[in-house]
Amino acid sequence: MADPTLSRLDPGDLPPKVLATLRESLLAHYDRSARDLPWRRLTDPYPVWVSEVMLQQTRVETVTDYYRRWMARFPDVETLADAELDEVLLQWQGLGYYTRARNLHGAARVIRERFGGEVPGTVDELRSLPGVGEYTAGAVASIAFGLPVPVVDGNVNRVLCRLVDVPRLTPARARSLAKTLVHQDRPGDWNQAVMELGATVCTPRSPSCDVCPVASWCGARASGRQGEHPAPARRARVEPRLYAVMVAADAAGSLLVRRQDDPGLLQGLWAFPAVEVAHASIVEESAECLADRWAEPGVFVRRSRRALRLPPVRHRFTHIDATYHPVLVEVSRPSGQDARGEDVRWIDPCGPVGVAIPVAQQKIVAAARAVLDEPDPREA
Ligand code: SF4
């Protein structure tokens, strides 16, 4: 007789032998075919924690190089705790969701102060660290410390919805299902095996049920509803926003950037001074106003009244669709007035900038560089 499927069942309702066979089948598949990733098979909590944080909302292919560079520069908690935030953000530059980097850095300092430099080994202690939620705590606790706790990310949620053949699960229900399924002796491998199954076999659009190690127990496969589960999430509202951006270039072509101090996505990163505007038609005058405001404290003087619009740059954040309208203004720096405190720098657009600049701002740097590289017709 065929094994019962999990359709609308709690895995705990399955006969223990059936549940054991399901677990062994998935683990055997994982042992055979898991992708060889640099953080795989590691049980040192620090690299496990770093890799899990990097992997949130980011593809494995993107993370691999960042992870290697990060571990080469910050091989342990102590090195990370000692580093300046500017350098941490620079290492993270391009990976997005910079709050993760700020939290890793903050958490390393907490670990040094409160836990003697050792990543703590209980879920509650892990969750007391900045930026560590249920998912990260569960992943580190199970993979590095062998605690039988579940993890639920997008991949796991999809696998669970399909196994029990329902379009959606509340977070509490998903966690309860995952908790019942977790392998007691190999919880870290189990959690990674379910995530890996979701990433490589039980994929969103075309699950490969024919090669799936848990197909025999899968409710959605039995009902043919794999493609319907999970039901699409309601899309978050994305707000369009326009910004006038002042790109001040001195005679040598250096560009002025300032550190973002507002709490938010880009806090601690470096960007061109900008102001939100209601309409693209007032971009130039808004950038001019910014230039006048910045000129006042003596950071620079305008070299010419020429203000040149650069191509707009669009960048999508989770809830914001931002369009930056950069305007290049030519300035001179009065001698002895290099910058206005530590939060302002002049960067050389042709060389290593040395501070973390978000991707959209890097595109503005490239656009400014292209214009500054052109011969000035007035000198012809
Ligand atoms: S049988 Fe298909 S739908 Fe079910 S878990 Fe496996 S890949 Fe996913």
Side-chain angles (χ1 to χ4, degrees), residues 1-37 40 52 55-61 63 134-135 138-139 142-143 148-234:
M1 201 175 75
D3 281 333
T5 72
L6 274 163
S7 184
R8 289 169 201 282
L9 280 181
D10 191 292
D13 297 335
L14 289 178
K17 264 193 176 167
V18 175
L19 189 52
T21 315
L22 180 160
R23 288 185 179 127
E24 294 312 325
S25 177
L26 179 53
L27 276 180
H29 173 82
Y30 177 71
D31 291 339
R32 255 190 335 266
S33 38
R35 290 168 295 175
D36 185 21
L37 304 172
R40 269 278 144 79
E52 289 299 335
L55 285 164
Q56 289 161 23
Q57 288 124 347
T58 313
R59 295 168 63 83
V60 163
E61 300 74 33
V63 166
E134 201 162 61
Y135 169 81
S142 62
I143 298 170
V149 289
V151 298
V152 179
D153 68 353
N155 283 325
V156 174
N157 183 64
R158 181 169 59 257
V159 171
L160 291 173
C161 282
R162 288 172 173 169
L163 279 176
V164 297
D165 196 15
V166 294
R168 61 178 64 81
L169 292 163
T170 63
R173 175 85 178 121
R175 193 167 165 76
S176 154
L177 291 174
K179 191 171 174 196
T180 311
L181 281 168
V182 76
H183 197 289
Q184 297 298 298
D185 298 330
R186 296 178 61 190
D189 286 344
W190 171 263
N191 284 332
Q192 291 182 88
V194 184
M195 290 190 268
E196 184 81 357
L197 186 76
T200 59
V201 176
C202 193
T203 52
R205 281 192 195 84
S206 47
S208 307
C209 302
D210 291 345
V211 296
C212 176
V214 294
S216 309
W217 302 278
C218 178
R221 189 186 191 216
S223 70
R225 284 192 285 258
Q226 303 95 313
E228 297 167 33
H229 303 331
R234 223 176 286 144

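Order of listing sets the numbers, starting from 1, for every ligand and every atom in it.
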Under a 4.0 angstrom heavy-atom cut-off, which atoms of ligand 1 come close to Arg162? 3 (S)
Numbered atoms and elements of ligand 1 in range of Ala215, under 4.0 angstrom, heavy atoms: 1 (S)
Atom pair CG (Leu163) and CG (Leu177), whose distance is rounded to the nearest 0.5 Å: 9.0 Å
Decide, counting backbone as well as side-chain atoms, whether Cys209 has an N, O or S atom less than 2.8 Å from atom 2 (Fe) of ligand 1. yes
So does Cys218 have any N/O/S atom less than 2.8 Å away from atom 4 (Fe) of ligand 1? yes
Do you know which two heavy atoms are closest between Pro207 and Gln226, and how far apart they sit? CG-CB, 3.9 Å
Are any side-chain N or O atoms of Arg225 and backbone N or O atoms of Asp165, one a donor and one an acceptor, separated by less than 3.5 Å? no
Suppose we measure from [atom] to each protein heavy atom; which comes out shortest, and what is that distance?
atom	value
atom 8 (Fe) of ligand 1	Cys202 SG, 2.4 Å
atom 6 (Fe) of ligand 1	Cys212 SG, 2.4 Å
atom 3 (S) of ligand 1	Gln226 CG, 3.5 Å

For the CZ atom on Arg59, are there more than 12 heavy atoms of other groups (residues, nucleotides or ligands in this structure) within a distance under 6.0 Å? no
Is it true that Arg158 and Asp153 have a side-chain N and a carboxylate O under 4.0 angstrom from each other? no
Between Arg40 and Asp189, is a salt bridge (Lys or Arg N to Asp or Glu O under 4.0 Å) present by the stated rule, with each step listed? CA-CA 10 Å; Arg40 269 278 144 79; Asp189 286 344; over 6 Å; no
